[in-house]
Amino acid sequence: MLQVEYAFRKAGAKDMRIVVTGEKDGRFPAVLKRLGIDPGLVSARGFSGKKDETAEFWAVSKTGGDLIILGLGDDKNTDNARRAGGLLSAIAAKKKLNSLAVVSFPEMKKNLPAFIEGIVLGGYTFDRYKSSANGQSVIKVNFDESAAAFKNDIDRSITICKAVRIARDLINMPGNDLPPRELAARAKKLASSCKIPLKIYGPAELTRLKMGALLGVARGSDQPPQLIEWHYNGAGKREKPIVLIGKGVTFDSGGISIKPAEGMQEMKNDMAGAAVVISLMHILSELKPRLNVIGIAPCVENMPSGKALRPGDIVKASDGQSIEIISTDAEGRLILADAICHARKFNPSAIIDIATLTGAVRIALGDTTAGILGNDDKMIDRIYESSQRTAEKVWRLPLWEEYHELIKSEVADMKNSGGRPAGTITAACFLAKFVKETPWAHIDIAGVDNNDKSHPYLTKGATGFGVRLLADYLLGLD
C-alpha cells in the first residue's frame with residue numbers, strides 16, 4: 001500500500017522531477033529547456049501529451065535528477081489528471097521512488113486535487129492474504145510553493161481517498177472473514193475512531209421491529225443479521241437529516257434461486273453499498289460539514305438451506321406491506337425495503353440508497369456507469385453533477401407507471417421481481433413502494449463495484465465507487 005505525503009518546496013537534487021502536460025500546452029518546450037532537457041529528445045520518443053501517455057528519462061538532465069513526463073490530453077478534463085496521478089503511482093511503486101517533485105502542471109487549480117486523488121487511489125493494494133505482502137511504503141510529493149494556495153483542496157482529496165480505501169478493504173475481504181457481525185464490528189470500530197454514535201440491531205431487535213423482509217433473507221444462513229445505524233450531527237437539532245442506506249449482503253449465493261457457479265466468488269462484493277455508507281463516516285468526521293446525516297446498512301448473508309426463503313413464500317416488511325417471493329436472488333431489495341421503512345421514522349429531508357442491486361444495470365450501462373432512479377429531480381440532477389466532477393458516472397433511468405405494473409402480485413401487495421425485462425427499473429419500482437413521498441434517489445452500482453481491467457487509478461478488485469460521488473454531493477450541500 002502506497003501512503004502519500006506532500007509538501008510545498010523547491011525540487012531537491014534527489015527528487016524525481018515530474019512534468020504533467022496537455023497536448024496543447026505551449027509552455028511545455030520551455031519547461032523542458034529549463035530542466036535541461038532537449039525538447040527534440042522528447043518528441044523523438046513520440047511523446048505528444050496525449051491522455052495516459054508517459055515517458056521516463058534517466059540521467060539526461062543537466063540540472064540533476066531524472067524526469068517523468070505524464071500526458072493529460074485535454075487538460076480541461078479533470079479525470080485525465082486523476083488518471084495521470086494513477087499512472088505515476090504505478091511507476092513510483094515499480095521503480096521504488098520515494099520523493100517526487102511536480103515542476104510543471106497546467107490548469108493547476110482545477111487539476112491538482114484530482115492528480116493527488118489518482119496517486120492515492122492508484123497506490124492502493126490489497127495483499128493482506130498473501131504470504132509475501134508488500135506492506136506499506138511512503139512517497140513524498142513536493143509541489144512548488146505557488147501550489148500552497150490549494151492546500152485545503154489537496155487535504156480534502158486525500159481525506160476522501162482514504163475513505164475510498166476503507167471501502168475497498170471491506171469489499172475485497174472474503175465472505176468467511178466478513179459475515180454480518182464482523183462487518184458491524186468493523187463499522188463500530190470506525191465509528192469510535194470518528195466519534196460518531198452508532199447502534200447495531202441484532203436478530204431480537206430486528207424481530208421486535210417486525211423487519212420480516214430482512215429476516216426472511218437472513219434465515220437461510222447460520223450467520224445472524226445485523227442492521228448498522230450511525231448518526232452524524234453537524235447541524236442543529238431542527239435540521240432534518242439525510243439518510244444514506246447501503247445494501248450489505250456479505251455473500252450472495254442467490255439462496256434457493258441459486259446463482260451459476262461461474263463468477264459466484266465475486267458475490268462477496270454484494271455488500272459494496274454498505275461499505276460506501278460506512279466509510280463516509282471518515283469523511284464527515286474529518287471535514288465536518290454542517291449537515292445531519294444518518295447512515296443505515298442492513299447486513300445479511302443469503303444462503304440456501306432448509307430454513308431459507310422459497311419462491312412462492314410471502315413475507316411482510318416492517319410497514320405491513322406483503323411481498324410475494326418470486327426469486328430468492330432478488331434479496332437486496334428485500335433488506336433495503338425494511339431499511340427504508342426504518343429510515344422514514346427519522347422524518348428525513350431525503351433518502352439515498354446505494355446498492356449492487358441488479359445484474360441488469362450492467363447490461364444496460366456497462367461497467368463504467370451506475371444507474372440512478374428516484375422521485376426527486378433536483379436531487380438527482382445534483383448527484384449527476386457530482387458524478388461529472390468525480391468521474392463516478394451515473395445515468396438516470398425512468399420510473400414510469402408501466403414498469404410498476406410488472407411487480408403486481410395476485411396474492412400479495414407486490415412481487416419482489418418483475419422478471420428479466422427492465423430489471424433495474426422494476427427493482428427501483430419495488431423500493432419506491434416503501435419510500436412513499438420522501439425525496440429519494442436510488443443508485444445501482446452492480447456494474448461498477450468491481451474492476452477487472454487495467455485502469456490507472458482503479459486497481460483490480462473493489463473500486464469503492466460511490467464514496468467520492470456521495471462525498472461530493474454531501475459536501476456541496478454545506
Evaluate side chain to side chain contact (heavy atoms under 4.5 Å, CB included) for I69 paired with F57, printing each intermediate quantity in order.
-> CA-CA 8 Å; I69 309 176; F57 295 87; 3.7 Å; yes

Using the side chain to side chain contact (heavy atoms under 4.5 Å, CB included) rule, take L373 and T424 through it: C-alpha gap first, then chi angles, then the decisive distance, then the call.
-> CA-CA 9 Å; L373 308 94; T424 300; 4.2 Å; yes

Salt bridge (charged side-chain N to carboxylate O under 4.0 Å, His left out) assessment of K151 paired with D155 | CA-CA 6 Å; K151 182 181 186 304; D155 287 341; 2.7 Å; yes

Please test R186 against I278 for side chain to side chain contact (heavy atoms under 4.5 Å, CB included), starting from the C-alpha separation and ending with a verdict.
-> CA-CA 9 Å; R186 288 173 180 266; I278 290 168; over 6 Å; no

Between R396 and D377, is a salt bridge (charged side-chain N to carboxylate O under 4.0 Å, His left out) present by the stated rule, with each step listed?
-> CA-CA 10 Å; R396 189 173 188 180; D377 293 344; 2.9 Å; yes

In sequence, state the C-alpha distance, the side-chain angles, and the governing distance for R82 and D79, and then conclude on salt bridge (charged side-chain N to carboxylate O under 4.0 Å, His left out).
-> CA-CA 5 Å; R82 200 175 283 114; D79 195 50; 2.7 Å; yes

Begin from the C-alpha positions of M281 and L284 and carry the test side chain to side chain contact (heavy atoms under 4.5 Å, CB included) through to its verdict.
-> CA-CA 5 Å; M281 285 191 286; L284 296 173; 5.9 Å; no

Kindly determine whether D25 and R27 satisfy salt bridge (charged side-chain N to carboxylate O under 4.0 Å, His left out), including the steps that lead there.
-> CA-CA 5 Å; D25 182 12; R27 297 166 292 179; 3.2 Å; yes

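If you take OG on S43 and CG on D38, they are separated by 7.5 Å, rounding to the nearest 0.5 Å. Between the CG atom in D66 and the CG atom in D15 there is a gap of 11.0 Å [rounded to 0.5 Å]. A distance of 9.5 Å separates CD1 in I445 from CG in N269, rounded to the nearest 0.5 Å. Of the inter-residue distances, the one linking T78 atom OG1 with R389 atom CZ reads 10.0 Å to the nearest 0.5 angstrom. Atoms CD1 and SG, on I166 and C161 in that order, are 11.5 Å from each other to the nearest 0.5 Å. Expressed to the nearest 0.5 Å, how far CG of D177 lies from CG of L183 amounts to 12.5 Å.
Aromatic ring orientation, Y124 versus F126: parallel (interplanar angle below 30°, classes split at 30° and 60°). Using cut-offs of 30° and 60° on the angle between ring planes, the pair Y457 and H455 is perpendicular.
By the 4.5 Å heavy-atom criterion applied to side chains, L227 and I296 are counted as neighbours. Side-chain contact between L170 and S279 is absent, with no heavy atoms from C-beta onward closer than 4.5 Å. Within the 4.5 Å cutoff, side-chain heavy atoms of L32 are placed close to those of L67. Residues D270 and E331 are in side-chain contact: their nearest non-hydrogen atoms beyond the backbone lie under 4.5 Å apart. Looking at heavy atoms from C-beta onward, F150 lies out of side-chain contact with I116 at the 4.5 angstrom threshold. In this structure, P39 and K33 have side chains that are in contact, with non-hydrogen atoms separated by less than 4.5 Å. Using a 4.5 Å heavy-atom cutoff, the side chains of E266 and N450 are in contact. Within the 4.5 Å cutoff, no side-chain heavy atoms of R156 are placed close to those of P113.
Of the possible donor and acceptor atoms, none in the side chain of D353 sits under 3.5 Å from a partner among the backbone N and O of G246. At least one donor-acceptor pair closer than 3.5 Å links the side chain of N451 to the backbone N or O of L458. At least one donor-acceptor pair under 3.5 Å links the side chain of T463 to the backbone N or O of V448. Distance alone, capped at 3.5 Å, places no donor-acceptor pair between the R468 side chain and the A391 backbone. The closest donor-acceptor contact from the side chain of T125 to the backbone of D127 lies at 3.5 Å or more, if one exists at all. Checked by atom type and distance alone, the side chain of N292 never pairs as donor or acceptor with a backbone atom of P241 at under 3.5 Å. N142 places no side-chain N or O within donor-acceptor distance of the main-chain N or O of S99, the cut-off being under 3.5 Å. With hydrogens and angles ignored, the 3.5 Å screen pairs no side-chain donor or acceptor of D252 with any backbone N or O of M267. Using a distance-only test at 3.5 Å, with no hydrogens or angles considered, a donor-acceptor pair links the side chain of K247 to the main chain of T356. Formation of a donor-acceptor pair under 3.5 Å by the D444 side chain with backbone atoms of L357 is found in this model.
No side-chain donor-acceptor contact under 3.5 Å links N302 and S253. For the 3.5 Å distance criterion, the side chains of S257 and D329 fail to qualify, holding no donor opposite an acceptor.
Closest non-hydrogen pair, L100 versus L88, comes out as CD1-CD2, 3.7 Å. Of all heavy-atom pairs spanning L469 and E392, the tightest one is N-OE1, 3.0 Å. The two residues I18 and L70 come nearest to each other via the heavy atoms CG2-CD1, 3.9 Å. For the residue pair P298 and L336, the shortest heavy atom distance occurs at CG-CD2, 4.4 Å. Scanning both residues, A337 and F430, for their nearest heavy atoms gives CB-CE2, 4.0 Å. The shortest heavy-atom contact between C429 and Y403 is SG-CB, 3.7 Å.
With a 6.0 Å radius and a threshold of 12 heavy atoms from other residues, nucleotides or ligands, R181 has its CZ atom at or below the threshold. Within 6.0 Å of the NZ atom in K393, the count of heavy atoms belonging to other residues, nucleotides or ligands does not exceed 12. Around NZ of K188, the count of heavy atoms belonging to other residues, nucleotides or ligands within 6.0 Å does not exceed 12.
Each ring pair (Phe, Tyr, Trp, His ring centres under 6.0 Å) pair with one or both residues in residues 75-105, not counting sequence neighbours, appears once here: F105-F115.
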